[in-house]
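Here the structure is laid out as structure tokens; the discussion comes afterwards.
Residue numbers count from 1 along this sequence. All figures in this text were calculated on a predicted structure; none of them were measured in a lab. When reading the values below, keep in mind they use all heavy atoms of this one structure, side chains included, and skip hydrogens, waters and symmetry mates.
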Amino acid sequence: EHLNWNDVRVVIGQPSERSITAASAVRGPTHPVRAPRGERNPADADAPYAGIIPSSALSRALTYTLGNGMQVVMLPTETNPATTVMLQFPVGYGDERADQRGVAQMTAWALDWNRNDDAYWYNLYRAGGSVSVDVHADGTEFAVHGLDMYVDVYLQAIERMVRNGVFGSIGIERSAKRMVKAAKASRDPLDTAWADAIQRAGLGSDHPYFHGGDTLYANTGALGADSLASFRNKYYKPSSATLIIVGGFDPELAKRWVEHLFSDWSGTAEPRPGVTPNRITPGGYQLLDSKAAQVDFRIEFPLGILDDRGRQDLVAALATAALSDVREQLGASYGISASVIDRRHQRALLVTGSVDPAAAERAARLIKSRLAEVAALDADYKPTFVAVRKATVDSAVSFSASAGGLASLASYLAGQGRAPTYYDEYAGEVRTRVFADLTNVAGQLDLATAAVFARGPQAGLDGLFRGLGVSATAIPVAQ
């Protein structure tokens with residue numbers, strides 16, 4: 001009787017114009033320094049972080065190099081009965097020639113077991129091991145996952161697969177079908193147009209990572225066994241390979257097996273192509289999606305690809321904290337955050353979020369105001385800096401993951417040319433940063449140099465770009 005719809009009263013709160021436009025609206029006790037929590041003495045922003053930094057899990061890895069140049073990373077864990085054995089090559093679709101798009105993925109996916117190695121496959125099957133092959137922009141991974149007691153079986157399987165595998169008609173046909181399926185997947189035309197626009201304006205159509213439309217698989221039909229074997233012979237060599245073993249295995253046993261299986265492997269990989277930085281094309285890009293309930297947006301600011309990552313992450317963390325109150329001020333957002341895109345050929349500061357179409361203009365004006373405050377390194381952000389610096393240091397070394405997750409993390413570092421100790425060195429570098437060190441990076445948060453993408457109903461798109469003060473062009477959609 002008490003929950004009667006006829007007795008419901010709806011109350012809608014609207015912020016005043018001053019609270020939206022005035023930079024002082026969120027100063028003082030309501031300044032957006034809630035996340036993350038911690039000590040926030042403004043004076044600490046002008047001195048290095050004095051807290052204790054623990055070691056990361058990867059820093060405890062046992063690393064060594066075989067005589068043939070192959071790097072070995074072993075991370076035994078006491079609490080994880082699972083084991084991942086992964087062989088990583090620092091070559092991916094970002095290293096392909098323009099006339100061989102798709103060769104990196106097709107080479108990895110088409111590599112098949114040699115018929116003479118059926119016994120190894122049978123042993124792997126009996127040991128419950130599962131095989132995965134992944135090709136990323138900067139690396140290729142062959143992995144076996146299973147129980148720690150069978151680490152020798154998994155090492156043998158990886159060795160046979162990569163060193164003695166063949167490109168037979170069955171494997172090539174299977175790989176080609178997989179790639180054609182991926183290229184012709186029934187994606188929504190709006191999703192395709194959205195992804196293509198982001199790549200064109202965020203990378204450049206001649207960038208190594210660009211795969212707008214079907215260009216990622218453009219040359220699949222012309223890639224036969226000879227092309228795949230040539231790619232393999234160029235890049236699948238021990239001089240550039242990294243063997244990663246993570247889990248509850250016996251390191252001494254594993255080391256003996258590694259020496260036995262891989263020490264006689266020889267060959268030098270061809271050098272990787274040089275780094276090609278992304279080129280962001282400033283401007284606004286809007287995609288009409290009349291069925292969308294929200295306006296999704298992303299803003300990409302250019303960053304120096306060779307600048308230190310620590311300062312860039314701190315600016316991104318400051319921006320996230322500054323933008324965190326848009327939801328609270330307007331009640332019209334599903335959250336807005338900032339992060340750093342960090343890949344071999346790409347570096348950018350990315351702001352993403354979703355806002356209610358009816359409040360898009362007000363939200364955009366508040367977003368623009370907050371980003372301008374961060375760009376100017378407003379002194380009111382010193383307490384926020386103290387908090388985010390500590391959080392950034394802690395998160396760099398306190399990650400936890402499964403055996404497969406840690407192996408993938410080590411593989412990512414190898415693909416970027418970084419050692420397993422990278423995160424510890426990164427945390428040590430971040431702790432030395434003071435508020436004034438962020439001046440140059442923060443100053444790059446300039447909407448005039450950014451690419452702004454938005455997708456949603458037209459009224460919301462118009463409001464968002466008006467609020468940001470950015471002119472937008474329509475993203476074409478193929479019919």
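Atoms CE and OG, on M86 and S408 in that order, are 4.0 Å from each other to the nearest 0.5 Å. The CE atom of M70 lies 7.0 Å from the OH atom of Y64; values are rounded to the nearest 0.5 Å. To the nearest 0.5 Å, atom CG of residue L468 and atom CD1 of residue I367 are 6.5 Å apart. In this structure, OG on S471 lies 10.5 Å from CD on Q286, to the nearest 0.5 angstrom. Here the NE2 atom belonging to H207 is positioned 14.5 Å from the CZ atom belonging to R200, to the nearest 0.5 angstrom. Interatomic distance, CD of E300 versus CG of L303, reported as 10.5 Å (0.5 Å rounding).
Without hydrogens or angle criteria, S324 side chain to A321 main chain gives a donor-acceptor distance under 3.5 Å. Using a distance-only test at 3.5 Å, with no hydrogens or angles considered, a donor-acceptor pair links the side chain of S402 to the main chain of G405. A donor-acceptor pair under 3.5 Å links the side-chain atoms of Y154 to the main chain of L147, judged by distance alone. Checked by atom type and distance alone, the side chain of E96 pairs as donor or acceptor with a backbone atom of V103 at under 3.5 Å. With R311 contributing its side chain and D437 its backbone, the two residues share a donor-acceptor pair below 3.5 Å. With hydrogens and angles disregarded, a donor-acceptor distance shorter than 3.5 Å links the side chain of Q156 to the backbone of D152. For the pair R101 (side chain) and Y93 (backbone), a donor-acceptor distance under 3.5 Å is present. No donor-acceptor pair closer than 3.5 Å links the side chain of S290 to the backbone N or O of P457. The main-chain N or O of V275 is never found under 3.5 Å from a side-chain atom of H345 such that the two would form a donor-acceptor pair. Within the 3.5 Å criterion, the main-chain N or O of T392 finds a donor-acceptor partner in the side chain of S395.
Here R347 pairs with D342 in a salt bridge; the nearest charged N to carboxylate O distance falls below 4.0 Å. Under the 4.0 Å criterion applied to side-chain N and carboxylate O atoms, K255 and E259 are not assigned as salt-bridge partners. Using a 4.0 Å cut-off between charged side-chain N and carboxylate O, D289 and R455 make a salt bridge. Salt bridge D95/R272: present, at least one basic N to carboxylate O contact under 4.0 Å. With salt bridges taken as basic N to acidic carboxylate O contacts below 4.0 Å, one links R163 and D264.
A 4.5 Å side-chain heavy-atom check between V85 and V151 finds at least one atom pair inside the cut-off. No side-chain heavy atom of I245 sits under 4.5 Å from any side-chain heavy atom of V73. Counting heavy atoms from C-beta outward, K368 and L447 have side chains that approach closer than 4.5 Å. Residues M106 and F231 form no side-chain contact, since every pair of their non-hydrogen atoms from C-beta on lies 4.5 Å or further apart. For the pair W113/L124, a side-chain contact is recorded, criterion being any heavy-atom separation below 4.5 Å from C-beta on. Two residues are said to be in side-chain contact when any heavy atoms from C-beta on lie closer than 4.5 Å; I336 and R327 fail this criterion. A 4.5 Å side-chain heavy-atom check between P238 and L66 finds every atom pair outside the cut-off.
Between the side chains of Q416 and D138, at least one donor-acceptor pair of N or O atoms lies under 3.5 Å. Under 3.5 Å, the side chains of S266 and N68 contain no donor-acceptor pair of N or O atoms. Residues Q458 and D462 have side chains that bring a donor and an acceptor to within less than 3.5 angstrom of each other.
What you find for A414 and P90 is that their closest heavy atoms are O-CB, 4.3 Å. Between R433 and R389, the closest heavy-atom pair is O-NH1, 2.7 Å. The two atoms that bring N114 and N164 nearest to each other are CB-O, 3.3 Å, heavy atoms only. Closest non-hydrogen pair, A241 versus F89, comes out as CB-CE2, 3.6 Å. Here the shortest heavy-atom pairing between R431 and G428 reads CG-O, 3.0 Å. M161 and L111 make their closest contact through O-CD2, 3.4 Å (heavy atoms, listed as atom of the first residue, atom of the second, distance).
Annotation: Y236 is in aromatic contact with F142 [ring centroid separation under 6.0 Å].
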>> Does D206 form a salt bridge (charged side-chain N to carboxylate O under 4.0 Å, His left out) with R279? I'd like the steps, not just the answer.
In response: CA-CA 10 Å; D206 59 346; R279 298 189 312 277; 2.9 Å; yes
>> I'd like to know whether F167 forms a side-chain contact (heavy atoms from CB on, under 4.5 Å) with R232, so could you lay out the CA-CA distance, the side-chain angles of the two residues, the decisive distance to 0.1 Å, and finally the verdict.
In response: CA-CA 10 Å; F167 294 109; R232 174 194 186 183; 3.7 Å; yes
> When you look at I475 and W194, which way does the side-chain contact (heavy atoms from CB on, under 4.5 Å) test go after all the steps?
Replying inline: CA-CA 7 Å; I475 297 173; W194 178 248; 4.2 Å; yes
>> Please evaluate residues E141 and V133 with respect to the criterion side-chain contact (heavy atoms from CB on, under 4.5 Å), reporting the C-alpha separation (whole Å), side-chain torsions for both, the decisive distance (0.1 Å), and the verdict.
In response: CA-CA 6 Å; E141 302 166 354; V133 180; over 6 Å; no
>> I'd like to know whether L190 forms a side-chain contact (heavy atoms from CB on, under 4.5 Å) with V477, so could you lay out the CA-CA distance, the side-chain angles of the two residues, the decisive distance to 0.1 Å, and finally the verdict.
In response: CA-CA 6 Å; L190 291 178; V477 179; 3.8 Å; yes
>> For a side chain to side chain donor-acceptor pair (under 3.5 Å) check, start with the C-alpha distance between H145 and S130, then their side-chain angles and the critical distance, and finish with the verdict.
In response: CA-CA 5 Å; H145 315 274; S130 61; 5.2 Å; no
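More than 12 heavy atoms of other shown residues, nucleotides or ligands fall within 6.0 angstrom of atom CG in D118.
Using a 30° and 60° split on the angle between ring planes, F262 and W265 fall in the tilted class, from 30° to 60°. Between Y423 and Y426, the ring planes are perpendicular. Angles over 60° get that label, and only those under 30° would be called parallel.
When the options T320, L445, L323 are evaluated for a side chain to side chain contact (heavy atoms under 4.5 Å, CB included) with V351, the one that passes is L323.
A cation-pi arrangement is present between R343 and Y209, with the terminal nitrogen or guanidinium carbon under 6.0 Å from the aromatic centre and inside a 45° cone about the axis.
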